[in-house]
**Student:** 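This is the structure I have questions about; it appears just below.
Below, chains carry the letters A, B, ... as their sequence lines are ordered, and counting in each starts from 1. Only a predicted model underlies this, so the values are computations on that prediction, with no experimental measurement involved. Basis for what follows: all heavy atoms, side chains included, without hydrogens, waters or symmetry-related copies.
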Amino acid sequence: MAMIAVEDLSVAFGSGESLVHAVDGVSFQVEAGDTFGLVGESGCGKSTILRALSGLNDHWHGQIIIDGARLEPKRQRSFFKKVQMVFQDPYGSLHPRHTVNTTLMEPIAIHGLDRADQRIAQVLEQVGLGPAFRFRYPHQLSGGQRQRVAIARALILEPKILLLDEPTSALDVSVQAEILNLLADIRSQARLTCILVSHDLAVIAHMCHRLAVMNQGKIYEELTVDDLAGNRPRHSYTRQLLQASLGYDRRLAAAATLADDGLDSGAA
Amino acid sequence: MTGNAHSTAVSAPSHQGWHAWLTAEVTTSPRQASFQRMYFGWLRFLRNPLAVIGLVILVALLLVAILAPWLAQYEVNEQNLTTRLQPPSGDHWLGTDELGRDIYSRLVYGSRITLYIACLVAVIAAPLGLIIGTTAGYFGGWTDTVLMRITDVFLSFPGLVLALAFVAALGPGIENAVIAIALTAWPPIARLARAETLTIRSSDYIAATRIQGASSVRIIVKHVVPMCMPSVIVRITLNMAGIILTAAGLGFLGLGAQPPMPEWGAMLSTGRQYMIGSWWLAAMPGLAILLTSLAFNLFGDGLRDVLDPRTE
């Protein structure tokens, strides 16, 4: 059975005239141990899906089933032991006045876990930060180190599901690869089920087994990474995204300029 | 966290190791981390000479209050009608008042009252404002509306008038004056805390705490309040001058400190009647109030530079 099953999920903001359907009837399934990618441009609703899944947003309709249990908008504390999330911006996701130690102590205290010291040392080791980082404040850390702390915080509760909201887009290119490799390692070690949200097809291709392309709150198509690698998209929007991901294309740009010139001369 | 392997390893630095311990690149215990933070804050504070002057005056004031019995030349309420309205001299450093009491000695004892009022108001108003402001800001909706309208009602009265009403209801006296002033001092703090909370509550680190399963109370107390603390501390420090003046105003109207208490504001207002002939009656307590208010303001400015998380 699927670890995560989302059925006809809708999230709307505002009311009346200004009602916006951020997510509009989305359905997908993620098998245990798989990594599912959600890709699309900014504002397409991919992060909103994660916020509904994680319980940060409780104004949703539809059905979410995680590990066989149907979710209510309001979550029990035990839910958070199962599902954790890593945020996009490591500069905003760590409390500026808490040391790494305090940040990692918090989930342990909330869930009343034992062996706090060992757990923290172990999880820091796991994300590649030595004990030297344990009593530092966020402002004493680099972006990549901060994101490692954020990952450690998500892992310390030993979740089954990890929701990743653009975990590398706020980082330096050189650091992005490190963090992605770290996430891939942790995923296989802990056999995590992940949902990765990104606008970067390269990141998705590197991390995911399957992915869904989203635009304007809807899933346009679902495809496997092999389809993506083999450049076999069915939907025109996916093709557009793929093309955009290849970067600046001289021929395409030239064609566009020619077309413009033709229009100009026609007008004159 | 006490007693874990990390905190015992480097928690007993030798005396010449203090500086190294405070500036170590790698901190090895929560205590060292927070001491280091305070040390760097202290260094930043020292870079502001005016703030240091403020701190020095406040420390001096504190010492004067503690050592009052040894510093005073005369008994605080010792009257001597043969030496009334004496100008400053060797016998009476700051002169005597209309009942022949030594002004210097009274000022020295009065510092205790001033500090007592300032501290008590801060201790009552700051937590009250913080709790109301952060609760309103964090929950929003109806909670916010109700709490903030109550705050608005308190804010819409001038502080002194509201304090007058409270003292009239509670009865005159220094304790009631303190309660009355505290009740007028919390609304600006609540507003400030609410505004700060509005920006904090939508941040990712609060979201991260929420999806760890933290309760609202836990989030407010452990995550929101520490972020509001610096601006509240700065605000209450900068408000101290106003608080001291309000206390003096209540004393002047006979609703605050009761005679013969050597409260500075009360001394100032009695001195007013003798201003033409004996300027020192009003000038000396006035100077003391001015100096203390100024010190609180300078110190508050310096604190803001140190405590603002954006400067780190």
**Student:** Starting at CD of B:Gln212, measure out to CZ of A:Arg77 and round the result to the nearest 0.5 Å.
**Tutor:** 11.5 Å
**Student:** Are any of the side-chain heavy atoms of B:Tyr205 and A:Pro96 separated by less than 4.5 Å?
**Tutor:** yes
**Student:** Looking only at heavy atoms and a cut-off of under 4.5 Å, which of A:Ala109, A:Pro107, A:Ala132 has the most pairs with chain B?
**Tutor:**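 Result: the option with the highest number of such pairs is A:Pro107.
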**Student:** Quick check against the 3.5 Å criterion: does A:Gln84 have a side-chain atom that pairs as donor or acceptor with the backbone of B:Ala208?
**Tutor:** no
**Student:** Rounded to the nearest 0.5 Å, what's the gap from CZ on B:Arg210 to CZ on A:Phe80? Could you check?
**Tutor:** 8.0 Å
**Student:** Answer yes or no: is there a donor N or O on one side and an acceptor on the other, between the side chain of A:His95 and the main chain of B:His223, under 3.5 Å?
**Tutor:**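 It does hold such a pair.
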**Student:** Measuring only between side-chain heavy atoms, which start at C-beta, is A:Gln140 closer than 4.5 Å to B:Gln36?
**Tutor:** yes
**Student:** Using non-hydrogen atoms only, which part of A:Leu94 is less than 4.5 Å away from chain B: side chain, backbone, both, or neither?
**Tutor:** backbone
**Student:** Restricting to non-hydrogen atoms, name the atom on B:Ala214 and the atom on A:Ile110 that form the minimum distance, rounded to 0.1 Å.
**Tutor:** CB-CD1, 3.4 Å
**Student:** Measure A:Thr99 against the heavy atoms of chain B and call it side chain, backbone, both or neither at under 4.5 Å.
**Tutor:**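 The side chain, not the backbone.
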**Student:** Please find the pair of heavy atoms, one from A:Phe135 and one from B:Pro30, that lie closest to each other, and give the distance.
**Tutor:** CE2-CD, 3.2 Å
**Student:** Any donor-acceptor pair under 3.5 Å linking the side chain of A:Arg97 with the backbone of B:Met227?
**Tutor:** no
**Student:** Return a table of donor-acceptor pairs under 3.5 angstrom between the side chains of residues 150-164 of chain A and protein atoms on other chains or two or more places apart.
**Tutor:**
residue, atom, partner, partner atom, Å
A:Arg153, NH1, A:Ser93, O, 2.9
A:Arg153, NH2, A:Ser93, O, 2.9
A:Lys160, NZ, A:Asp67, OD2, 2.9

**Student:** Can you tell which of A:Gln88, A:Gln76, A:Met85, A:Lys81 has the highest number of heavy-atom pairs within less than 4.5 Å of chain B?
**Tutor:** A:Met85
**Student:** Does atom CZ of A:Arg191 have more than 12 heavy-atom neighbours from other groups under 6.0 Å away?
**Tutor:** no
**Student:** Counting only heavy atoms from other residues, nucleotides and ligands, does the tally under 6.0 Å from OH of B:Tyr116 exceed 12?
**Tutor:**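 Yes - once you tally the heavy atoms of other residues, nucleotides and ligands closer than 6.0 Å, there are more than 12.
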**Student:** At a heavy-atom separation under 4.5 Å, does A:Tyr137 approach chain B through its side chain, its backbone, both, or neither?
**Tutor:** side chain
**Student:** Per the salt bridge (Lys or Arg N to Asp or Glu O under 4.0 Å) rule, what does the pair list look like for residues 120-129 of chain B, sequence neighbours excluded?
**Tutor:** none
